Number of protein chains: 2
Amino acid sequence: MRDASETRRKIQHEALRLFVDRGVGGTTTRDLAQAAGIAEGTLYRHYESKDALVWDLFSTHYATFAHRLTARASKCETFAAKLAAIVAEFCRFFDAEPVLFRFLMLAQHQALPRITNDSDNPVEVVQTIIATAIGRGEIPAQPTGLAATMVLGLLLQPAIGLVYGRVEPPFSQYAETIATACLKALGSDHHA
Amino acid sequence: MRDASETRRKIQHEALRLFVDRGVGGTTTRDLAQAAGIAEGTLYRHYESKDALVWDLFSTHYATFAHRLTARASKCETFAAKLAAIVAEFCRFFDAEPVLFRFLMLAQHQALPRITNDSDNPVEVVQTIIATAIGRGEIPAQPTGLAATMVLGLLLQPAIGLVYGRVEPPFSQYAETIATACLKALGSDHHA
DNA sequence: TCTCTGTGAGTGAGTGATTGCTCACTTTGC
DNA sequence: GCAAAGTGAGCAATCACTCACTCACAGAGA
């Protein structure tokens, strides 16, 4: 047999690139096959459908990222430290794997109906940490849904700004600024 | 003659609804014709192509919104007041015309390459106001691109949260909270 | 008042291109 | 020799768009 896992890796890699470049709808199965250097039929030895490929790429990396956020945050005691860790992880991820990051951002909207509100969800991770901080009195009581979306907005919108050249790379240089902005926006007293 | 402008209005109204519901790519010209109660060919009496329809809807409303933001902000003196006016206008717009607001958000990504960085652009409006505030010493010096995207993130991400049920409507109830969060995030000393 | 007529609005079956996907087949390597 | 991996022409479905045609109606002329 030839190395199937290597072929699979190539499909995944090229698919991410093309999806980000042309969008999911703008990428045909022929494009995918050609970019991966395989025949169109081979795609279907590895994935049941184009949609299954998109969903596999999204759900796998989305959950992995959520787990990494949880792991980083759990090593910190205070809310300020947890938040700083999460923001830093976001920035590091964007700088290290911009294609993957952008794919998760663009696929999110079309995949959102299938996303469950569990711990595999970065949004839920942030919201849980905020709820805990409120419980501990580290930040004022406030709707956790609003607070979580504000924090994500402070992260995602600058990321989009980076993609479209409105913000200068690398993203990581703004990690402290953004973390501080999040703390202030949530009304923390402990910010630097 | 029959009333062409009425037909055009119906096309625009139904197109917005369908584009938000199913996405632009997920809406066919047959869908559009059926929803508007006309034949498919009639679409092409009013628009050169499906893409022209999308672009017309986007560019018109995008620019109108930007002008409204500029008008509201120009009535205020201080940066804090301008920002509050902009945030309030955003929230009001979302509550009053959620379908149109959501269309502008979703179409932005596919229309972004065609968007010019002029005063018809809400992003540019916010960035200009921030630059002025820095020049006046109302907020600390900082990269305006980053600052503008942070403010927009504090507005757009909660709006997305509203769409997906993570935040409770109406949006306007959070206007003051968000405006204050923006001021704090930008390092203003004048926030309440 | 009544017809005639020019024209812009509206129609929908049809077209060619493209799409995601299939399957009978070949190649590869154990 | 056999099973897994790979192939690519071809299929059915769908798409945006076209075009020869009909319709509605305002104004002109009788």
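Every chain is numbered from 1 and lettered A, B, ... according to where its sequence line falls, protein lines coming before strand lines. Note that the structure is a prediction, hence the values are computed from the model and not measured.
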Task: Positions of residues 10-22 of chain B (non-hydrogen atom under 4.0 Å from DNA chain D), listed by number - done: none
Side chain to side chain donor-acceptor pair (under 3.5 Å) with [X]: which residues, sequence neighbours excluded?
X	answer
B:His67	B:Asp120
B:Glu97	none
A:Gln127	A:Thr144, B:Arg166
A:Tyr44	none

TODO: Using salt bridge (Lys or Arg N to Asp or Glu O under 4.0 Å) as the criterion, list what pairs up with A:Arg17, not counting sequence neighbours.
DONE: A:Glu14
- [ ] Identify whether any heavy atom of B:Thr28 sits under 4.0 Å from a base atom; if not, whether one sits that close to sugar-phosphate; answer base, sugar-phosphate or nothing.
- [x] sugar-phosphate
Open item on the list: Heavy atoms only, 4.0 Å cut-off, all strands: where does B:Ser5 land among base, sugar-phosphate and nothing?
Closed with: nothing
Task: Whole angstrom value for the distance that separates C1' of D:dC19 from OH of B:Tyr44 - done: 13 Å
Please table the atom pairs, donor to acceptor, closer than 3.5 Å between any side-chain atom in residues 146-159 of chain A and protein atoms at least two apart or in another chain.
{"from": "A:Thr149", "atom 1": "OG1", "to": "A:Gly145", "atom 2": "O", "distance (Å)": "3.2"}
{"from": "A:Thr149", "atom 1": "OG1", "to": "A:Leu146", "atom 2": "O", "distance (Å)": "2.8"}

Open item on the list: Counting primed atoms plus P, OP1 and OP2 as sugar-phosphate and everything else as base, spell out the protein contacts along nucleotides 6-12 of chain D at 4.0 Å heavy-atom distance: B, S or - for each nucleotide, 5' to 3'.
Closed with: BBB-B--
- [ ] Sequence neighbours left out, what pairs pass side chain to side chain donor-acceptor pair (under 3.5 Å) with at least one residue falling in residues 70-84 of chain A?
- [x] A:Arg72-A:Glu89
